[in-house]
Number of protein chains: 2
Amino acid sequence: MTSKQEFIEKLRNSSLRPTKQRINICEVLFNRDKTFHFTINDLFNLVKDETGEKVSLATVYNTVHAFHKKGYLKEIPINSNQTYFDTNVTDHHHFFDVKEEKLIDLKNEDVGPIEIQKSIPGKKIKSVEVLVKLED
Amino acid sequence: MTSKQEFIEKLRNSSLRPTKQRINICEVLFNRDKTFHFTINDLFNLVKDETGEKVSLATVYNTVHAFHKKGYLKEIPINSNQTYFDTNVTDHHHFFDVKEEKLIDLKNEDVGPIEIQKSIPGKKIKSVEVLVKLED
DNA sequence: TCCTTGTTTATAATTATTCTAAAGAAGATT
DNA sequence: AATCTTCTTTAGAATAATTATAAACAAGGA
Ligand SMILES: [Mn+2]
Ligand SMILES: [Mn+2]
Ligand SMILES: [Zn+2]
Ligand SMILES: [Zn+2]
């Protein structure tokens with residue numbers, strides 16, 4: 001449970017002005033028990049529902065991109081009409097329940113270490129992500 | 001090198017009428033030495049360039065979806081503004097060169113077997129895909 | 001040849017995302 | 001506190017990938 005004051009400091013330390021909107025978004029995103037997987041639209045609705053204050057859609061986009069750039073959010077590679085983000089920014093893998101359109105974290109020990117044996121000259125590995133699609 | 005006649009048979013066997021447009025698209029997609037990774041727009045342009053006959057964008061979409069549904073194309077999960085498809089429909093993994101926006105196949109032996117230790121009640125695993133992002 | 005059904009196509013509709021530019025708020029400077 | 005600068009929010013417009021529509025057309029069967 002992070003206090004509003006702590007969010008304000010964190011934003012300032014990231015050279016992001018602590019606006020009412022950003023603080024509300026922080027509370028929705030980061031005051032959760034579990035990893036939170038969401039689309040922009042999910043977040044837009046949750047901010048309204050959970051804080052009672054409406055934030056414009058443009059601001060949700062702006063803020064998510066700002067947080068993503070600062071490394072506070074991760075983008076999850078799946079094919080969907082909407083982009084998914086994740087509050088768990090560590091290297092980790094996912095289940096994707098295709099029917100429910102829901103992401104579930106996999107612990108690294110549930111997947112095991114992955115050694116990539118091939119390399120491309122002049123390129124280095126930035127990330128290795130496993131996506132496990134689930135069906136009924 | 002598959003002949004036009006063979007494409008016609010293959011289409012018929014899939015209860016897809018062998019139209020001029022579909023045959024042209026088949027030749028662009030499947031008469032290649034290597035696995036072919038593409039977006040709809042790539043394909044749209046290549047059909048025009050390689051066959052000299054223009055096919056409407058709608059038909060490219062329709063055909064790709066039809067082939068995908070029949071299992072002749074695979075959709076690759078990456079976040080991009082365009083959807084990527086793959087003529088290699090076997091289970092396999094990818095490099096994604098973020099700068100060049102290009103996919104490269106990984107052989108299964110370059111990644112090794114992946115054992116998923118976790119399961120979700122009532123769900124079964126449909127696919128396991130590794131995406132390795134590359135940077136300079 | 002006629003008939004039915006599937007296909008192509010131009011075009012419009014939809015939808016997620018980004019852009020624009022004006023109004024507002026934050027922080028710094030006096 | 002008043003002023004100034006820079007950043008942020010916002011409504012709305014623009015963009016761009018994809019999907020839907022519906023009329024013309026082509027394939028295959030009778
Ligand atoms: Mn982003
Ligand atoms: Mn598809
Ligand atoms: Zn996650
Ligand atoms: Zn591939």
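So you know, we letter chains A, B, ... as the sequences are listed, proteins then strands, and number each from 1.
- Between H93(A) and D110(A), the side chains place no donor N or O within less than 3.5 Å of an acceptor N or O (distance only, hydrogens not considered).
- Residue T83(A) is in sugar-phosphate contact alone, with no base atom involved, counting any heavy-atom pair closer than 4.0 Å across all strands shown.
- The aromatic rings of F7(B) and F30(B) sit tilted relative to each other, their planes meeting at an angle between 30° and 60°.
- The aromatic rings of H65(B) and Y61(B) are tilted relative to each other, their planes meeting at an angle between 30° and 60°.
- L134(B) and I78(B) are not part of a single hydrophobic cluster, where members link through side-chain heavy atoms under 4.5 Å apart.
- Of the residues near DNA chain D, I8(B) and Y84(B), the one whose nearest nucleotide (by heavy atom distance) lies more toward the 5' end is Y84(B).
- If you check the side chains of D42(B) and T39(B), you find a donor sitting under 3.5 Å from an acceptor.
- Using bins of under 30°, 30° to 60° and over 60° for the plane-to-plane angle, the ring pair H37(B)/H92(B) lands in the tilted bin.
- Between the CG atom in N79(B) and the CD1 atom in I76(A) there is a gap of 8.5 Å [rounded to 0.5 Å].
- Under the 4.0 Å criterion applied to side-chain N and carboxylate O atoms, R22(A) and E27(A) are not assigned as salt-bridge partners.
- Looking at N88(A) and D105(A), their side chains do bring a donor and an acceptor atom within 3.5 Å of each other.
- For the pair N79(A) CG and dA16(C) P, the computed distance is 15 Å after rounding to whole Å.
- Rounded to whole angstrom, the span from the CD atom of E101(A) across to the C1' atom of dA16(C) amounts to 14 Å.
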- Task: Starting at the 5' end of nucleotides 25-30 of chain C, put B wherever the base has a protein heavy atom under 4.0 Å, S where only the sugar-phosphate does, and a dash everywhere else.
- Result: BBS---

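- Taking atom NZ on K70(A) and atom P on dC7(D), their separation rounds to 12 Å, with Å as the unit.
- At its two ends the helix from dT1(C)-dA30(D) to dT30(C)-dA1(D) runs along axes set 20° apart, each axis drawn from five pairs and the angle rounded to 10°.
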N/O donor to acceptor pairs below 3.5 angstrom from side-chain atoms of residues 8-16 of chain B, sequence neighbours left out:
unit_1 : atom_1 : unit_2 : atom_2 : d
N13(B) : ND2    : E9(B)  : O      : 3.2
S14(B) : OG     : K10(B) : O      : 2.7
S14(B) : OG     : Y72(B) : OH     : 2.6

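- Between the CG atom of N62(B) and the P atom of dA22(D) there is a distance of 16 Å, rounded to whole Å.
- Listed pair R22(A) / dT9(D) meets the phosphate criterion, a side-chain N or O lying under 4.0 Å from OP1 or OP2.
- With rounding to the nearest 0.5 Å, the separation of OG in S3(B) from CG in N31(B) is 8.5 Å.
- Between D97(B) and K123(A), at least one side-chain nitrogen of the basic residue sits less than 4.0 Å from a carboxylate oxygen of the acidic one, meeting the salt-bridge criterion.
- In this model, the phosphate group of dA26(D) is not approached by any side-chain N or O of Q21(B) to a distance below 4.0 Å at OP1 or OP2.
- With values rounded to the nearest 0.5 angstrom, I23(A) atom CD1 is found 11.0 Å from T63(A) atom OG1.
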Within the sub-3.5 Å range, which N or O atoms of nucleotides 10-15 of chain C have a protein N or O partner, and how far apart are they?
none

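- Considering only side-chain N and O atoms, Y61(A) lies under 4.0 angstrom from the phosphate OP1 or OP2 of dT17(C).
- The distance from atom CD1 of I25(A) to atom C1' of dT8(D) is 11 Å, rounded to the nearest whole Å.
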Could you list the protein-to-nucleotides 1-4 of chain D atom pairs, N/O on both sides, closer than 3.5 Å?
none

Can I get a per-line list of side-chain donor-acceptor pairs under 3.5 Å for residues 45-54 of chain A, giving both atom names and the distance, sequence neighbours left out?
unit_1 : atom_1 : unit_2 : atom_2 : d
N45(A) : ND2    : N41(A) : O      : 3.0
E50(A) : OE1    : R32(A) : NH2    : 3.3
E50(A) : OE2    : R32(A) : NH2    : 3.0
T51(A) : OG1    : V47(A) : O      : 2.6
T51(A) : OG1    : E53(A) : N      : 3.1
T51(A) : OG1    : E53(A) : O      : 3.3
E53(A) : OE1    : N24(A) : ND2    : 3.3

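- Here dG28(D) presents its C1' atom at 15 Å from CG of N13(B), a figure rounded to the nearest Å.
- Separating the CG atom of N24(A) from the C1' atom of dT9(D) is a distance of 13 Å, rounded to the nearest angstrom.
- Rounded to whole Å, the distance from CZ on F44(B) to P on dT8(C) is 14 Å.
- Proximity of H65(A) to the phosphate of dT17(C): no side-chain N or O atom is located under 4.0 Å from OP1 or OP2.
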